[in-house]
K.L.:
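I am attaching a structure below and will ask some questions about it afterwards.
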2 protein chains.
Amino acid sequence: MEQRTIRPRIADVAREAGVSKTAVSFAFNSPDRLAPETAVRIRDVAEQLGYTPHPVARMLTQRQTLTIGVLTPQALSVIFSNPFFGAFSEGVAGAAEESGYGLHFISPLHGSLASAMSRATVDGVVAIGLSDDHPEVEQIRRAGVPIVLVDSTALPEHGSVEIDDVGGARAAAEHLIGLGHRDVLVIGVEPPAPSLAMDPDGVTSRRLRGYREAFAAVGVEIPDERVVVGPASIEGGIAALNGAWEDGVRPTAVLVMSDAMAIGAMRALRDLRLTIPGDVSVVGFDDIDLAPHVDPPLTTVHQPIRRKGAEAVRLLLAVVQRRDQANPEHLRLETRLIVRGSTGPVPGQRHEEVAGVHH
Amino acid sequence: MEQRTIRPRIADVAREAGVSKTAVSFAFNSPDRLAPETAVRIRDVAEQLGYTPHPVARMLTQRQTLTIGVLTPQALSVIFSNPFFGAFSEGVAGAAEESGYGLHFISPLHGSLASAMSRATVDGVVAIGLSDDHPEVEQIRRAGVPIVLVDSTALPEHGSVEIDDVGGARAAAEHLIGLGHRDVLVIGVEPPAPSLAMDPDGVTSRRLRGYREAFAAVGVEIPDERVVVGPASIEGGIAALNGAWEDGVRPTAVLVMSDAMAIGAMRALRDLRLTIPGDVSVVGFDDIDLAPHVDPPLTTVHQPIRRKGAEAVRLLLAVVQRRDQANPEHLRLETRLIVRGSTGPVPGQRHEEVAGVHH
DNA sequence: TATCTTCACTAAACCGGTTTGCTAAACCGG
DNA sequence: CCGGTTTAGCAAACCGGTTTAGTGAAGATA
């Protein structure tokens with residue numbers, strides 16, 4: 001009897017009110033099937049007993065949870081350290097709440113995304129940054145749970161939302177090229193598990209391709225040694241830049257695939273007594289809310305982060321609610337370069353060489 | 001038969017393997033009660049059928065969900081726009097994942113926290129920023145769900161985690177006083193529902209008390225007209241400062257109860273062609289990751305945000321797992337002022353008057 | 001007056017698992 | 001060869017609701 005405040009069950013209400021369980025259920029779900037005064041009386045008894053239908057039991061019979069899952073390939077504690085994810089969640093949450101759905105975050109428990117997924121009670125899943133070598137996608141499909149992939153390798157049978165990574169990256173690189181830079185360092189986002197090979201269709205690869213395309217157009221190659229990766233956080237950016245610096249890399253500009261890392265990289269550069277953009281230019285990616293407010297204001301590739309989350313939920317609910325899995329939508333949102341203060345002409349370069357691209 | 005890939009049930013596996021449901025259940029949960037080869041065979045059949053135990057059914061019988069809820073009094077879409085919440089979630093998520101728990105975010109659905117709560121399937125709840133006039137706390141207790149209150153009015157029967165709001169605020173104000181400021185504007189965080197009266201024991205009130213105590217000590221009163229509130233976001237800070245400015249308020253310093261709002265206030269000040277800290281000093285509260293990186297680096301009151309989240313989960317799980325509701329813990333974490341570049345002496349003040357506090 | 005509806009409510013089946021109590025066969029020592 | 005213990009597996013009850021198929025009484029219709 002040490003049980004903490006025993007939760008009344010539907011049978012308790014039924015007994016107390018002198019009716020059947022069915023009547024109690026009706027009183028809550030279809031009061032019109034009961035005499036008005038009976039319904040009121042049952043609800044009074046329920047109220048007085050402090051009865052609330054057990055949500056799990058309800059889920060079981062109604063075969064829906066009114067919850068959507070957000071699947072991340074990395075621990076939430078690392079994911080949340082990237083402000084990008086906060087904004088994305090904002091979009092997801094807004095759309096979910098609007099439709100009356102709750103949010104459940106699913107991340108690898110004890111290293112296993114599969115086991116975390118199999119215990120999650122959701123009607124559908126928005127997966128972000130899941131590379132296709134993750135076997136979880138297959139597992140989810142087999143469990144019959146609708147899924148929408150965001151920033152992942154798109155699969156034809158599932159809805160997907162992505163952005164123009166290649167175009168955005170190319171614009172960032174072209175901006176630097178216009179400023180005279182030929183000697184760059186690329187800082188990318190590392191794949192979820194360090195052991196995992198880089199997904200050739202993943203976000204990191206796509207952005208890298210954009211960078212390389214732009215530089216190739218002016219006959220400059222970005223060798224692999226000029227590409228480093230790290231976790232998408234401020235600390236990750238600091239570590240990545242310092243690591244490259246210690247390896248003797250001395251670029252005039254840094255192309256970073258995440259604003260959080262870019263801010264870290266700027267910190268590291270400043271700690272090396274370099275000025276931005278005087279000595280080194282930095283371009284980020286994402287355009288998080290704080291990008292205009294850091295010092296110097298960050299030049300970056302804008303992507304509609306909140307919208308990305310909201311659209312993903314919209315696509316997902318279309319499948320969940322209408323059971324219409326026929327033609328999953330595939331969305332590609334636009335990116336655009338926002339030039340702020342963290343980029344400038346190559347140091348020592350004569351001014352006229354970069355005329356016309358200067359702001 | 002339009003059903004999407006029908007999910008196999010335990011009975012299907014049992015039939016296919018020629019055993020009882022019980023045996024299948026054993027094969028997964030207590031294989032030692034089965035002959036080894038039988039267990040293997042059953043698991044093979046399950047694997048081949050793509051069977052996974054239905055998580056909701058499992059929750060129902062095991063009477064636990066392995067999920068903890070994070071309760072917010074405002075829509076997630078607004079909560080997530082404050083970087084503070086991202087860091088807090090980081091702490092919560094880290095501790096939860098470590099113990100094998102998933103995370104479910106609970107926010108008012110269609111305006112009702114109560115209905116959102118009653119459909120959430122969680123073993124316990126971490127509530128943040130819930131003022132005690134929220135009747136939900138009572139509802140949750142009646143549902144028998146353990147709860148830990150964070151940044152709320154502490155109730156003796158539930159665990160709680162808070163910080164030294166008064167002390168932190170006092171330190172911030174004293175810092176300004178030391179720099180010669182006597183004429184300040186306070187920007188606070190508005191209560192969840194605009195209609196709600198300000199909770200006299202809430203975070204906003206506590207911090208305000210700290211500010212006022214410090215100024216009272218030097219004989220200066222902060223009148224109510226010098227206190228404005230808004231949502232805790234960059235935009236909220238911009239709007240709050242502009243609003244005050246339009247009302248003719250011309251302080252030499254601004255005390256802001258959230259870093260996000262402080263960053264917004266700095267933006268608004270700069271747009272008014274004022275320099276920081278030359279014309280106006282700004283002090284924030286929280287010390288979010290980006291505080292050192294904004295322009296100018298933000299002087300702010302540090303609080304251990306991640307630890308706050310982690311400790312809340314720890315307290316909660318102590319109750320959830322050990323069913324030991326006897327002596328809920330009440331934690332108060334320390335705050336400390338971090339002086340960076342957004343504060344300086346009162347403009348026009350002779351230098352020696354502030355000597356000794358200058359950095 | 002006999003039959004047909006409608007009304008208000010209920011008993012039982014069901015959702016998809018887990019757990020308890022039991023049985024039949026195999027094993028084991030004396 | 002016999003009683004006692006283990007072992008391997010099953011049937012049924014249970015978790016806490018919802019839903020289906022009915023039931024008896026009152027009211028309406030012929």
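Chain A is the first sequence line, chain B the second, and so forth, proteins listed ahead of strands; every chain is numbered from 1.
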K.L.:
Pairs in or reaching into residues 105-119 of chain B: which pass side chain to side chain donor-acceptor pair (under 3.5 Å), with residues at least two apart or in two chains?
P.N.:
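Side chain to side chain donor-acceptor pair (under 3.5 Å) check on residues 105-119 of chain B returns A:Glu97-B:Ser107, B:Ser112-B:Ser115.
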K.L.:
Under the side chain to side chain contact (heavy atoms under 4.5 Å, CB included) rule, collect the residues that match up with A:Ala93, sequence neighbours excluded.
P.N.:
A:Leu103, B:Leu76
K.L.:
Sequence neighbours excluded, which residues qualify as side chain to side chain contact (heavy atoms under 4.5 Å, CB included) partners of B:Pro53?
P.N.:
B:Tyr51, B:Arg58
K.L.:
Ion pair present between B:Arg41 and B:Asp44, side-chain N to carboxylate O less than 4.0 angstrom?
P.N.:
no
K.L.:
Only counting residues at least two apart or in another chain, list the ones meeting ring-ring contact (aromatic ring centres under 6.0 Å, His included) with B:Phe84.
P.N.:
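For B:Phe84, no residue satisfies ring-ring contact (aromatic ring centres under 6.0 Å, His included) once neighbours in sequence are set aside.
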K.L.:
Report, as a single string ordered 5' to 3', how protein heavy atoms within less than 4.0 Å touch nucleotides 15-27 of chain C: B base, S sugar-phosphate only, - not at all.
P.N.:
BBBBBBB------
K.L.:
Can you give me the dot-bracket string for DNA chain C, 5' to 3', counting Watson-Crick and G-U wobble pairs with both distances under 3.5 Å, using [ ] for crossing pairs and | for partners on another strand?
P.N.:
||||||||||||||||||||||||||||||
K.L.:
In residues 34-48 of chain B, which ones come under 4.0 Å of DNA chain D, going by heavy atoms?
P.N.:
B:Leu34, B:Ala35, B:Thr38
K.L.:
Does any pair with a residue in residues 16-38 of chain B pass side chain to side chain donor-acceptor pair (under 3.5 Å), and if so which ones, sequence neighbours excluded?
P.N.:
B:Ser25-B:Asn29
K.L.:
Can you name the residues that form a side-chain hydrogen bond (donor to acceptor under 3.5 Å, both in side chains) with B:Glu138, not counting sequence neighbours?
P.N.:
B:Arg141
K.L.:
So B:Val19, base contact, sugar-phosphate only, or nothing? Heavy-atom distance under 4.0 Å.
P.N.:
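Sugar-phosphate contact only - B:Val19 comes under 4.0 Å of backbone atoms but never of a base.
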K.L.:
Please name all residues satisfying side chain to side chain contact (heavy atoms under 4.5 Å, CB included) with B:Ala57, sequence neighbours left out, ordered by chain then number.
P.N.:
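Only A:Leu60, B:His54 meet the side chain to side chain contact (heavy atoms under 4.5 Å, CB included) criterion with B:Ala57.
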K.L.:
Run the side-chain hydrogen bond (donor to acceptor under 3.5 Å, both in side chains) test against A:Thr65 and tell me which residues pass, sequence neighbours left out.
P.N.:
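side-chain hydrogen bond (donor to acceptor under 3.5 Å, both in side chains) check on A:Thr65 returns A:Asp123.
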K.L.:
Taking only residues two or more places apart in sequence, or in another chain, which ones meet B:Thr72 in a side-chain hydrogen bond (donor to acceptor under 3.5 Å, both in side chains)?
P.N.:
none
